[in-house]
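For reference, the structure is listed below as structure tokens.
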Amino acid sequence: MVSAVEPKTYFLPRQDLAKLLDRLHDGGRQVIGPTIRDGAVMLDPIERVDQLPVGWGIDNAPGKARLVEQHGSRVFDQPPGPSSWKRWTYPPRLTEFAWTDAAETDAAPAPRRPKPVPAKMAPQAFLGVRACEIAALRVQDKVLLEGPVVDRDYAARRRDNLIVAVECAVAGGTCFCTSMGTGPEVRGDFDLALSELDDGFVVRVGTDAGRAALEGLTLPAATSDQTAAAAASVARVRAQMGEPLPMDGLPDRLMAAAESPRWAKIAERCLACTNCTLVCPTCFCTSISQRSDLDGDGASAERTWDSCFTLDFARVAGGNFRTRVEDRYRQWLTHKFGTWWPQFGSSGCVGCGRCIAWCPVGIDVREELLAVAPPVAPAADPPPIAPVAPMPSIVPSALTLPTPTAEGPRPMPWRTVEVLDRRRETRDVITLSLGTDDPGLLAGRPGQFVMAALPAVAAPPISVSRFHPDGLELTIRAAGPATAAIVNLERGDTVALRGPLGRGWPVELAEGRDVMVITGGIGLAPLRPLLDHMLARRDRIAHIHLAYGARTPGDRLYVDELDRLAASGVIDVAQTVDRAGPEWLGRVGVVTQVIDRIMCSCDRTIAFVCGPERMMRATVDVLHERGIPDERIWVTLERHMDCGVGLCGHCQLGRYFVCKDGPVFSLAELGPAFAVEGL
Amino acid sequence: MTHGMPHGPEAGERHFDVGQLTRVEGEGSLTLRVRDGAVIEAHLGIFEAPRYFERLVVGRTPDEVIDIVARICGICPVAYQMSAVHAFEALFEVEIDPAIRSLRRLFYCGEWIESHALHIYLLHAPDFLGYPSAIELARDQREVVERALTMKRTGNALVAKLGARPIHPLTVRVGGFSRVPARDELLALQPALHAALLTAQSTVDFVGSLSAPGFEREPKLVALRHPGEYPMNDGRIVSNDGLDIALDAWRDAFAEDQVAWSNALQARTTAGEVYLLGPAARVTLNADRLHPLAAAALTRLGKQALIRRNPYWSIAARAVELVHATAEAIDIIDAYQRPDRAFTPWQPRAGEAGWATEAPRGLLFHHYEIDERGLVASAQIVPPTSQNQAAIEADLTTFAPSVLALPHAEATLRLEQLIRSYDPCISCATHFLDLRIEPADR
Amino acid sequence: MPGTRHASAHRPRVGVVKFASCDGCQLTILDLEDQLLAITEKFDIVEFAEATSNRSQGPFDVLFVEGSISTPEQAHEIVQLRRQATMLVTIGACATAGGIQALRNLADHDAFNRAVYPQPQLIKSLATSTPVSEHVAVDAELYGCPISGSQMLELLTALSIGRRPQLPDEAVCALCKRLGNPCILVATGEPCLGPVTRTGCGALCPSFGRGCYGCFGPKEAANSASLAAWFGTLGQSDEQVAREFAKFNVNAPAFRAVVEAKR
Amino acid sequence: MQNETVNTPDAELRDRLAGTWLTHELDQSARAELARIGRLVRVPAGSILMREGEVNDVMAIVLEGRVSLRMRVPERGQVSIVTIEVGDVVGWSAMVPPYRATSTAVALVDTELAQFDGPQLREAIATNADLAGQLYPVLLQTVARRLEGTRLQLLDLFSQRWVEPW
């Protein structure tokens with residue numbers, strides 16, 4: 001679609017724009033372009049030139065965007081409107097997959113299986129793509145095409161877009177592309193690029209597809225005066241925007257300001273209404289919801305645009321990580337301008353200004369950035385960011401647009417597995433053993449998880465609690481309806497799994513070291529495969545201490561296995577409970593007080609910790625007291641996950657996606673992110 | 001939530017007491033005291049909680065009033081919005097575009113279709129066929145109920161196309177609408193409307209096949225009448241005994257009074273006569289204005305006299321009006337051209353604004369005083385059910401003796417069925433009283 | 001019922017009762033024309049005065065309550081009904097916030113009574129119109145004036161197959177943006193309560209050329225003070241701003257706070 | 001098996017004490033002083049060392065076995081709040097007025113303790129400033145650790161998260 005072809009420049013007289021428009025419709029291509037609708041310049045399918053906003057401008061200011069009649073014949077004299085190309089490449093509503101209906105499979109009642117919905121859409125031409133919008137498309141390509149799993153639908157839509165760029169001739173009141181290094185000059189990644197002059201357009205050809213669109217128009221080459229006029233026009237736009245904002249070292253400054261009082265100040269004005277994130281051309285967060293009829297038939301999973309500003313976005317079973325609006329606003333800004341860099345190698349902001357003009361109460365992110373992370377480094381040097389990959393400077397690295405690989409995107413398909421056995425662990429925790437021959441699922445590593453889906457019910461992430469040659473085990477607590485639906489499965493039922501997902505425990509680090517496994521409640525489930533792995537290589541590991549805390553004796557998992565293990569003496573097992581009746585002769589007290597007495601040579605000890613986040617924090621403090629460094633303390637985190645493959649944005653913690661970068665992290669990697677409330 | 005008479009039946013008296021009327025909108029009760037075969041007292045008790053709408057609209061702008069008065073009734077919000085918007089446009093002398101005028105008739109057709117379909121099939125037919133509700137009726141005659149639900153959905157879809165949603169539409173404003181549909185948006189409804197027309201016609205035959213108690217009397221009927229169209233938003237107020245007054249002159253001919261046993265006032269003519277509004281009155285007084293298909297259905301049915309004289313046969317009038325509303329909706333859409341602006345600008349003016357339109361259940365009168373700031377100073381809203389109360393009680397008194405021979409439950413059902421024949425809308429009836437005492441705190 | 005994946009043998013007993021209201025929310029159930037018969041097969045509707053003559057005083061597995069509490073009898077009646085209902089679901093702004101009739105809570109009740117009834121002494125009505133949740137514990141709420149048919153259907157489906165009902169508490173703006181509407185407040189300056197109002201109606205008003213007027217009530221963390229201040233900067237008088245918020249959810253705390261501050 | 005006082009020479013008691021993390025930081029003289037006052041006691045499983053609310057005049061360090069601290073909850077009977085493991089102190093209340101036990105201490109298994117008579121130890125601390133200077137910080141750390149553990153238990157971290165109706 002975009003390849004390096006020696007750009008040629010032509011001149012398209014104004015009255016011939018209709019001819020170009022017809023050529024763009026060749027081959028049934030749908031043309032999307034700017035048009036006036038409902039009091040704003042929107043991006044809609046257009047057929048004729050008179051639908052374009054000829055003679056109109058937009059007066060943009062924080063919280064205000066008014067159409068201005070300019071009575072001329074110029075077509076593209078407007079800064080970006082509220083709608084962005086994201087609507088056509090990453091649609092607001094999409095069916096991810098549909099379930100086969102019980103009735104559909106007539107033979108023996110075959111299991112209901114999720115089947116992906118094929119992405120079918122006509123090839124599209126985008127007319128009027130601004131420099132900042134080209135950058136936005138590139139940013140979303142990185143997010144949606146270069147992760148562990150590729151967004152199938154996005155890849156198909158991006159493959160056959162014809163990009164007809166337009167170089168801005170007007171700077172909007174809220175534009176700041178010069179500060180983000182993304183415009184106003186259109187430098188590359190276009191099939192055709194138009195620079196509007198009074199009597200016509202200087203046309204640059206970027207690709208063969210662009211050249212093909214000009215065939216038959218017999219355009220004259222652009223004269224040097226015309227190209228000079230085009231260059232002057234865009235130079236005026238750069239000048240209009242004035243001094244670029246000081247964005248140097250912004251990511252570090254932002255993360256250092258994680259606990260600044262300014263966030264609460266913004267929260268007094270912010271309506272948490274999601275407008276800024278939904279008009280933003282690079283925001284990609286989405287949520288999955290279930291559709292079905294009264295009996296659960298005709299079930300499908302539907303993906304819709306979502307936002308970190310909604311309460312439900314960071315909800316987990318029985319709790320929520322971001323109840324305060326200041327936490328949500330901080331996530332919005334620190335992600336867009338800060339953690340986007342280490343995640344995707346560029347800023348998340350392209351400076352189009354939509355989030356400023358279209359914020360209903362006119363909050364200006366440029367102002368808020370300077371207030372919360374002022375350019376001058378504060379007197380006290382900011383606490384160091386965790387020593388991770390060096391933070392590249394603000395200058396946009398030349399993003400090479402990945403042409404989607406021929407063999408198609410790397411999907412992570414849903415596999416249907418059968419329930420072989422069901423064992424009750426406690427009052428509301430059961431362990432399912434599932435049979436499968438899928439090599440992918442069987443090749444899972446300790447600490448990885450799967451998404452488990454049933455028709456018409458949300459699919460929760462569940463850690464694998466044991467791998468077998470012919471299947472795997474899941475240990476699930478009925479915390480809400482989604483997990484309750486799985487807990488109620490019986491022998492012979494089927495469930496759809498997607499996985500194995502995420503990064504598991506670094507089992508190789510255990511070799512030659514003392515290992516402390518510290519866990520609480522159902523946290524033992526994801527650690528059980530790790531124990532299996534270490535026991536299979538017991539000779540290569542020094543001491544193994546398991547410290548397991550539970551609420552009451554009846555709430556412990558795998559009781560017989562633990563007793564056999566303790567009796568064997570192969571590993572040192574210490575169990576403790578929060579409360580117990582007189583019949584319990586074991587330890588009572590928090591698990592942190594078990595480990596602070598384990599005699600260990602802490603210079604070669606590694607700790608694996610899993611349990612409620614507050615318990616893990618207390619455990620980490622004790623491990624630090626015992627001199628165990630952050631690099632050798634590994635935790636697994638729980639976050640809201642909708643997709644489990646790094647595409648929906650829900651599970652972000654600082655710079656990480658818990659689902660694809662985790663769920664297992666070392667404290668060294670997490671750094672301050674682990675301690676800041678509401679991050 | 002039963003509300004019977006406070007004291008039990010005296011010696012020799014027979015007592016019919018339906019604590020809560022069912023398959024009617026709102027909370028009403030029926031109390032009848034009969035002694036020696038004669039009805040000595042017939043009370044339609046309305047214990048619907050008052051919400052004081054006439055007070056809620058004080059201090060509001062006309063466009064806000066249009067949103068607020070819709071909430072008087074969930075089944076006929078369009079009627080309240082139409083009476084209000086026309087009253088304001090009359091006072092402010094707002095010229096509305098002919099296409100807007102036809103859209104407003106289309107809007108009313110949608111409400112009549114949805115409201116009549118609901119009443120005929122879901123609320124009233126079960127009585128004729130001996131079922132407690134349409135749910136049980138559906139078990140035996142599923143496709144009749146499904147056909148009815150499809151027609152009702154078409155009525156709702158028409159109201160939603162113009163007003164965004166069927167219940168409490170939101171696009172009506174003084175001067176027109178906040179948005180008018182494109183022509184092809186309305187054309188998309190034609191297939192459903194043609195199907196609904198067929199269903200309406202078969203409803204006329206379905207109703208013709210029913211049998212009802214033989215109870216006849218000659219009521220005074222009141223409705224709107226218009227020189228050129230079947231009455232909805234325009235015309236004059238007429239009766240079958242010579243009344244002929246302008247829409248804003250309702251108070252010259254009628255008056256309301258409060259009764260002890262009801263939260264809703266009852267209306268009578270200034271001469272104290274009882275009168276009846278609604279589909280039966282409209283069809284009787286405007287048979288010559290019916291759409292040809294509806295007129296043909298009426299003659300095929302051959303029950304004009306029964307529609308006028310027997311309240312049970314109001315179901316036939318509703319069926320005929322279903323044919324009229326679906327047929328007229330199809331014609332309006334065929335001729336529709338989208339106006340170039342959704343509403344004409346207007347300026348408020350102090351003064352009195354009165355108007356009446358034909359709600360599905362009958363004539364609905366609104367009257368507002370607008371102050372110099374363009375806000376409502378006082379309001380009077382008189383719905384059809386509060387005007388029908390006296391007529392219902394009069395009919396109960398006349399009809400009751402004919403059922404006394406039946407077993408108590410059967411007799412009570414017949415009495416309830418009589419009340420349901422008026423399709424009473426009790427939530428509406430409860431709020432509208434003649435404003436005799438100036439509000440102390442103004 | 002929640003948690004029971006398999007169609008439970010006994011059909012849940014469902015009741016629909018009303019207090020001070022216009023019947024619009026009950027009618028929304030009857031307006032689910034395509035699913036109505038399926039609903040009557042899935043659920044045993046034992047009390048629904050507007051639709052059936054079969055009556056029941058309970059027990060109910062699910063009881064839908066429409067309307068606000070505005071008379072002494074109603075205040076007593078709701079407590080009796082609560083005892084009969086395993087799950088009590090309030091439907092509509094009257095039941096969840098007191099409805100527009102709660103305007104009288106802010107005014108002098110006698111003036112209201114005298115203004116409307118020539119013989120006010122005959123009328124037994126409370127000085128306030130209050131939501132059901134101020135009288136009894138409520139298990140779930142469907143907001144809106146009227147409620148959304150699709151949300152009622154989602155709740156019934158969730159009850160039937162045991163999933164969490166997907167009733168998002170996001171602002172109207174989220175769906176308004178997904179539908180591709182430009183923000184009417186930013187584009188024209190017309191006041192719109194969308195940013196502080198809970199989604200549910202389908203962003204109908206901005207899709208039909210006018211500002212949202214808050215039928216579904218304040219969303220979680222509704223910052224109505226900030227929006228009210230912004231309306232002021234757009235040229236609205238305090239009295240006009242108070243009227244924007246004094247509609248069908250005037251008694252909901254986040255809206256009432258603005259009405260009382262600006263009146 | 002009755003509570004059996006084992007008369008062990010101070011030296012052996014001093015070595016046993018040295019092994020516990022609690023007295024690990026005390027210097028020779030302090031440990032000697034403790035060994036002088038203390039005595040080694042073996043108690044069978046089930047024996048009650050002190051009762052909630054009653055005067056407690058004995059502070060002890062667990063050398064072997066496990067002691068459970070319990071409180072009576074009317075509807076649930078005796079509930080184990082925390083267990084005292086090897087090396088930890090049971091009966092710090094002997095050192096703090098009003099010298100009343102805050103819970104009932106029960107030996108869950110056959111347990112060996114280093115017991116110190118309350119008044120005698122208080123007298124020694126009052127007269128021997130060096131011993132006081134060393135012992136109090138260690139005692140304070142024990143009580144602080146017990147407090148922190150109780151707070152984490154209070155958070156009910158592994159609680160059955162309230163199961164949402166849906």
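Naming: A, B, ... by sequence-line order, numbering from 1 per chain.
- D/Thr83 contributes a side-chain N or O that, together with a main-chain N or O of A/Val588, makes up a donor-acceptor pair within less than 3.5 Å.
- For A/Arg424, the CZ atom sits in a packed shell: over 12 heavy atoms of surrounding residues, nucleotides or ligands are nearer than 6.0 Å.
- Both the backbone and the side chain of D/Gln153 come within contact range of chain A, with heavy atoms under 4.5 Å apart.
- Residue D/Arg51 qualifies as open at atom CZ: its count of foreign heavy atoms under 6.0 Å is 12 or below.
- Residues satisfying the salt bridge (charged side-chain N to carboxylate O under 4.0 Å, His left out) test with A/Arg324, not counting sequence neighbours, are A/Glu326, A/Asp327, A/Glu677.
- Put simply, the side chain of A/Arg587 never gets that close to the backbone of D/Ile84: no donor and acceptor are under 3.5 Å apart.
- The local environment of CD in D/Glu64 is sparse, with at most 12 non-hydrogen atoms from other residues, nucleotides or ligands closer than 6.0 Å.
- Scanning residues 96-109 of chain D against chain A with a 4.5 Å non-hydrogen threshold yields D/Leu108, sorted by number.
- The backbone N or O of D/Val79 sits nowhere less than 3.5 Å from a side-chain atom of A/Arg579 that would complete a donor-acceptor pair.
- For the pair D/Arg70 and A/Pro582, the minimum side-chain heavy-atom distance is below 4.5 Å.
- Contact annotation: the side chain of D/Asp156 approaches that of A/Asp578 to within less than 4.5 Å [non-hydrogen atoms, C-beta and beyond].
- We find the CD-CD distance between A/Gln593 and D/Glu148 to be 6.5 Å, quoted to the nearest 0.5 Å.
- Remark: A/Arg423 CZ is packed, more than 12 non-hydrogen atoms of other residues, nucleotides or ligands lying under 6.0 Å away.
- Closest non-hydrogen pair, A/Gly581 versus D/Ser80, comes out as O-OG, 3.9 Å.
- Contacts of D/Leu152 with chain A are made by both backbone and side-chain atoms, with heavy-atom separations under 4.5 Å.
- Contacts of D/Arg146 with chain A are made by backbone atoms alone, with heavy-atom separations under 4.5 Å and no side-chain atom involved.
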